[in-house]
Amino acid sequence: MHMQNDMVSYPAVLTPLENDHFLISFPDIPGAFATAPCLSDAFSLAVDTLGSALLDRPNLPLPSDPPKNQFGPDGSLTILISVDLTHVA
């Protein structure tokens, strides 16, 4: 049996909002965003959001390089999120 690995990685920006919530956005994927109630939930929600956003796309956008400084002036954090598209439901 042939196992295919379709692992992709994109930079995600986690921007703090009021009440310890975070906005999750993917600059390379318009419309791919979510909000999380806390930072720990933001990581798993970012994986789910990325997988859902890419699931039905015939052509994947090219991921940009993450910025050298992962902390933005607005308190945001840029991290690399990876998802295996063969395991996205």
Side-chain angles (χ1 to χ4, degrees):
M1 181 169 128
H2 176 64
M3 299 283 294
Q4 185 177 2
N5 184 352
D6 288 321
M7 187 67 74
V8 294
S9 299
Y10 287 87
V13 180
L14 308 180
T15 305
L17 302 173
E18 293 180 3
N19 301 323
D20 295 327
H21 283 64
F22 284 84
L23 172 66
I24 304 159
S25 60
F26 291 87
D28 300 319
I29 308 165
F33 60 89
T35 55
C38 62
L39 185 58
S40 60
D41 287 349
F43 294 105
S44 60
L45 190 55
V47 173
D48 293 343
T49 301
L50 179 60
S52 296
L54 297 179
L55 186 58
D56 295 324
R57 289 185 184 236
N59 299 311
L60 299 181
L62 288 176
S64 60
D65 290 329
K68 296 275 187 257
N69 183 359
Q70 68 186 61
F71 296 101
D74 59 355
S76 64
L77 169 66
T78 301
I79 57 172
L80 204 57
I81 296 293
S82 300
V83 65
D84 185 345
L85 294 178
T86 58
H87 292 89
V88 174

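Residue numbers run from 1 in the order of the sequence given.
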A.B. asks: State plainly whether one hydrophobic cluster holds both Ile79 and Phe33, where clusters connect Ile, Leu, Val, Met, Phe, Trp and Tyr through side-chain heavy atoms under 4.5 angstrom apart.
C.D. replies: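 Per the 4.5 Å side-chain linkage, Ile79 and Phe33 are not co-clustered.
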A.B. asks: Please tabulate, for the side chains in residues 63-72, all donor-acceptor contacts under 3.5 angstrom to protein atoms that are two or more places apart in sequence or on a different chain.
C.D. replies:
{"unit_1": "Ser64", "atom_1": "OG", "unit_2": "Asp28", "atom_2": "OD1", "d": "3.1"}
{"unit_1": "Ser64", "atom_1": "OG", "unit_2": "Asp28", "atom_2": "OD2", "d": "3.0"}
{"unit_1": "Asn69", "atom_1": "OD1", "unit_2": "Phe71", "atom_2": "N", "d": "3.1"}
{"unit_1": "Asn69", "atom_1": "ND2", "unit_2": "Phe71", "atom_2": "O", "d": "3.4"}

A.B. asks: Starting at CG of Leu50, measure out to CZ of Phe26 and round the result to the nearest 0.5 Å.
C.D. replies: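 Nearest 0.5 Å value for the CG-CZ distance: 4.5 Å.
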A.B. asks: Less than 4.5 Å apart, any side-chain heavy atom of Val83 and any of Val8?
C.D. replies: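 They are in side-chain contact.
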A.B. asks: Which atoms form the tightest heavy-atom contact between Pro27 and Ser25, and what is the distance?
C.D. replies: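 Minimum heavy-atom separation between Pro27 and Ser25: CD-O, 3.7 Å.
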A.B. asks: For Pro61, enumerate each residue passing the side-chain contact (heavy atoms from CB on, under 4.5 Å) test, keeping only those at least two apart in sequence or located in another chain.
C.D. replies: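 Residues passing side-chain contact (heavy atoms from CB on, under 4.5 Å) with Pro61: Tyr10, Ile29, Leu54, Arg57.
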A.B. asks: If hydrophobic clusters are built from ILVMFWY residues whose side chains come within less than 4.5 Å, do Leu85 and Leu80 share one?
C.D. replies: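 No, Leu85 and Leu80 fall in different hydrophobic clusters.
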A.B. asks: Give every residue pair that meets the side chain to side chain donor-acceptor pair (under 3.5 Å) criterion with at least one member in residues 36-45, sequence neighbours excluded.
C.D. replies: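 For residues 36-45: none.
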A.B. asks: Could you check whether any side-chain heavy atom of Asp6 comes within less than 4.5 Å of a side-chain heavy atom of Asp84, counting everything from C-beta outward?
C.D. replies: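 They are in side-chain contact.
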A.B. asks: Flag the pair Ile24 / Ile81 as yes when at least one side-chain heavy-atom distance between them is below 4.5 Å, and no otherwise.
C.D. replies: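 Contact flag for Ile24/Ile81 side chains = no.
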A.B. asks: Mind listing the side-chain donor-acceptor pairs of residues 14-23 below 3.5 Å, one per line with the distance, residues two or more places apart or on another chain?
C.D. replies:
{"unit_1": "His21", "atom_1": "ND1", "unit_2": "Asn19", "atom_2": "O", "d": "3.0"}

A.B. asks: Do you know which two heavy atoms are closest between Val13 and Ser76, and how far apart they sit?
C.D. replies: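 Shortest heavy-atom separation between Val13 and Ser76 comes out as CG1-CB, 3.8 Å.
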A.B. asks: Nearest 0.5 Å please: distance from the CG atom of Leu77 over to the CG atom of Leu39.
C.D. replies: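 So the gap between those two atoms works out to 7.0 Å.
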